[in-house]
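What follows is a single structure, written as structure tokens, with notes after it.
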2 protein chains.
Amino acid sequence: MTLADPDPESAAAFVADARSDDLAVSLVGVCATTFEGCAERALPAGVRHVLCKPDDTVLVHGASGRDPVAWSSGGDVTANVVDDALELHCGVGDGADTLTVSFESVQHAAAFAPTNEAGDVSGTEVDLKERVLSNPDLVEDGFRALATERETPAGPVDVYGRDADGAVVAVELKTRRAGPSAASQLERYVTALRRDLHADAEVRGILVAPEITEKTRRLLAESGLDFSPVE
Amino acid sequence: MTLADPDPESAAAFVADARSDDLAVSLVGVCATTFEGCAERALPAGVRHVLCKPDDTVLVHGASGRDPVAWSSGGDVTANVVDDALELHCGVGDGADTLTVSFESVQHAAAFAPTNEAGDVSGTEVDLKERVLSNPDLVEDGFRALATERETPAGPVDVYGRDADGAVVAVELKTRRAGPSAASQLERYVTALRRDLHADAEVRGILVAPEITEKTRRLLAESGLDFSPVE
DNA sequence: CGGTTCATGTCGCAC
DNA sequence: GTGCGACGTGAACCG
């Protein structure tokens with residue numbers, strides 16, 4: 001399941017075999033990449049790590065960063081020998097987005113059978129929603145939740161309810177410090193609700209987040225929306 | 001620079017050595033992960049690929065998807081032997097966000113010296129901006145660009161100019177099909193400009209994108225903003 | 001399949 | 001460092 005300093009033919013065969021067995025392949029070597037499609041990008045030759053997953057995802061990682069320096073998702077993957085070098089071709093058949101990885105040399109290759117199992121995340125927006133539902137006063141004293149993901153012409157409101165005075169309230173939840181887009185999002189929902197409900201209905205909007213930036217605070221104020229810090 | 005089926009002590013030493021030499025390490029093995037911090041997540045034991053980069057980024061990849069199933073950026077990385085097993089500890093010293101990767105077994109380890117070189121992307125918003133500047137009619141017949149990234153109280157406008165009638169125009173550029181957030185963003189800029197400029201100044205907003213969704217079209221219309229298809 | 005939104009988003013840039 | 005917006009964003013969810 002491993003090769004060291006293979007020649008191009010061996011490497012190509014190794015990759016092809018592994019892929020036909022639904023294995024993942026980890027490659028280390030000197031390679032250049034080109035991507036063409038909706039955007040374009042080329043990388044000069046360099047030592048990189050290439051991971052080919054059984055779902056045809058190909059990741060090219062450089063020395064730093066969480067994100068790959070090049071990648072391909074979706075389309076087919078083929079391993080060929082071109083000009084006496086291993087070359088990976090990734091992309092949809094008709095070739096809208098295409099990634100090519102051209103190896104000058106392969107230091108190392110390993111094949112393995114990865115598991116797909118995953119775990120659940122907690123601390124997400126859903127958790128915050130559940131907390132708000134079980135303790136509506138977090139939003140505001142006297143707030144009552146009536147629905148979640150209530151549909152409006154502008155999209156679904158995270159939490160929909162009424163305040164102590166009976167006014168309709170749209171609640172937008174953010175698990176982190178909220179920025180201007182959150183204020184705009186809430187404003188879209190509130191505007192849509194005002195249009196949707198009877199003209200005499202009062203509609204308020206409350207942004208629930210651990211924190212907001214100053215500009216966001218100003219935006220909320222200008223739109224007559226409220227902020228309720230949580231967590 | 002390679003190990004096959006190492007015992008935990010060898011694996012830990014291998015990782016530690018590689019890291020002290022500023023090398024990246026590619027690991028394949030059966031491992032479980034836990035992440036704790038702003039959110040929480042745990043993965044059961046499974047065969048995965050772990051990539052430790054010299055910048056202390058750690059990526060845990062499963063069988064599918066472009067994104068890692070677990071990762072750590074920033075903090076320190078240490079490789080220890082715990083309960084006769086390799087364990088990677090990643091996180092800031094005081095431990096806000098912590099990732100732990102516990103190996104049941106290591107099938108394979110490889111160390112290498114990755115290059116950091118990267119290439120530039122074309123087809124991005126900057127390219128679209130340059131195209132618009134060199135050919136303002138793309139925005140609208142008679143449009144004249146006066147500035148890019150012009151500052152407003154709501155943030156910088158992509159392109160700022162005037163239309164054939166001399167009215168101020170804020171242009172928001174999107175390289176892909178634009179959604180509701182783009183309309184809201186443009187509206188924020190236009191509102192800020194109307195407030196900022198003389199009261200009698202007419203201010204228009206034009207969203208420039210290859211395409212927009214229907215809801216976005218409606219939002220633009222409600223706000224009196226325009227859409228100009230490009231590309 | 002398209003539309004919308006969340007994300008441990010990540011990343012880069014300006015203040 | 002914080003704030004802000006783009007990203008070849010990716011990924012899930014829903015009609």
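The chains referred to below are lettered A, B, ... by the order of the sequence lines, with proteins before strands, and numbering in each begins at 1.
OP1 or OP2 of D:dG3 sits under 4.0 Å from a side-chain N or O of A:Arg177. Between A:Gln185 and C:dC6 there is a side-chain polar atom (N or O) within less than 4.0 angstrom of OP1 or OP2. When the side-chain nitrogen and oxygen atoms of B:Arg41 are compared with OP1 and OP2 of C:dA7, none of them lie within a distance under 4.0 Å. For A:Tyr189, no side-chain nitrogen or oxygen approaches OP1 or OP2 of C:dT4 to under 4.0 Å.
For the pair A:Asp67 CG and C:dG12 P, the computed distance is 9 Å after rounding to whole Å. The interatomic distance linking A:Glu172 (CD) with C:dT5 (P) rounds to 9 Å, in whole Å. Atom P of nucleotide C:dC11 and atom CZ of A:Arg66 are separated by 7 Å, given to the nearest angstrom. Look at CG on B:Leu186: it is 17 Å from C1' on D:dC4, rounded to the nearest Å. C:dT10 atom P lies 11 Å from atom CG of B:Leu59, rounded to whole Å. Rounded to whole angstrom, the span from the CH2 atom of A:Trp71 across to the P atom of C:dT10 amounts to 15 Å. For the pair A:Leu173 CG and C:dC6 C1', the computed distance is 12 Å after rounding to whole Å. The separation between A:Asp120 atom CG and D:dC13 atom P is 10 Å, rounded to whole Å.
A distance-only check finds no donor-acceptor pair linking the side chain of A:Thr33 to the backbone of A:Ala42 [under 3.5 Å]. Of the possible donor and acceptor atoms, none in the side chain of A:Lys215 sits under 3.5 Å from a partner among the backbone N and O of A:Gly179. Under a 3.5 Å cut-off, the side chain of B:Asp97 and the backbone N or O of B:Cys38 do form a donor-acceptor pair.
One P atom belongs to D:dA11, the other to C:dC11, and the distance between them is 15 Å to the nearest Å. Between the P atoms of C:dT4 and D:dG8, the separation comes to 22 Å (whole Å). Rounded to whole Å, the separation between the C1' atoms of D:dC7 and C:dT5 comes to 16 Å.
Taking for each of A:Arg188 and B:Leu99 the nucleotide of DNA chain C with the nearest heavy atom, the 5'-most of the two is the partner of A:Arg188. The residue among A:Gly155 and B:Ala39 whose nearest nucleotide of DNA chain C lies closer to the 5′ end is A:Gly155. Comparing A:Ala70 and A:Pro180 along DNA chain D, the residue whose closest nucleotide (by nearest heavy atom) sits nearer the 5' end is A:Pro180. Positionally, the nearest nucleotide of DNA chain D for A:Ser181 lies more toward the 5' end than for the other of B:Gly123 and A:Ser181.
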- [ ] Test side-chain hydrogen bond (donor to acceptor under 3.5 Å, both in side chains) on A:Thr216 and A:Thr213 and set out the steps.
- [x] CA-CA 5 Å; A:Thr216 307; A:Thr213 64; 2.6 Å; yes

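With C:dT8, D:dG8, C:dT5 as the candidates, the nucleotide lying closest to the side chain of A:Asp97 is D:dG8. Considering only the side chain of A:Glu125, C:dA7 comes nearest among D:dC7, C:dA7, D:dG10. Listed nucleotides: D:dG10, D:dG8, D:dC7. Nearest to the side chain of B:Thr175: D:dC7.
The residue B:Glu149 sits apart from the nucleic acid: no heavy atom pair falls under 4.0 Å. Note on A:Lys174: only backbone sugar-phosphate atoms sit closer than 4.0 angstrom, heavy atoms only; bases stay farther off. B:Ala154 comes within contact range of the sugar-phosphate backbone alone, with a heavy-atom separation under 4.0 Å but no base atom that close. Using a 4.0 Å heavy-atom criterion, one finds that B:Gly65 contacts the sugar-phosphate atoms exclusively.
Here the closest heavy-atom approach between residue A:Glu172 and residue A:Tyr189 is recorded as OE1-CE1, 3.4 Å.
Within 6.0 Å of CG on B:Asp83 lie no more than 12 heavy atoms contributed by other residues, nucleotides or ligands.
Judged purely by distance below 3.5 Å, without hydrogens or angles, the side chains of A:Thr98 and A:His89 never pair a donor atom with an acceptor atom. Side-chain contact of B:Ser122 with A:Arg41: a donor-acceptor pair under 3.5 Å is absent, judged by distance alone.
Within residues 205-231 of chain A, the residues approached by DNA chain D to less than 4.0 Å at the level of any non-hydrogen atom are A:Thr213, A:Lys215, in residue-number order.
Interatomic distance, CG of A:Leu220 versus CG of A:Leu207, reported as 5.5 Å (0.5 Å rounding).
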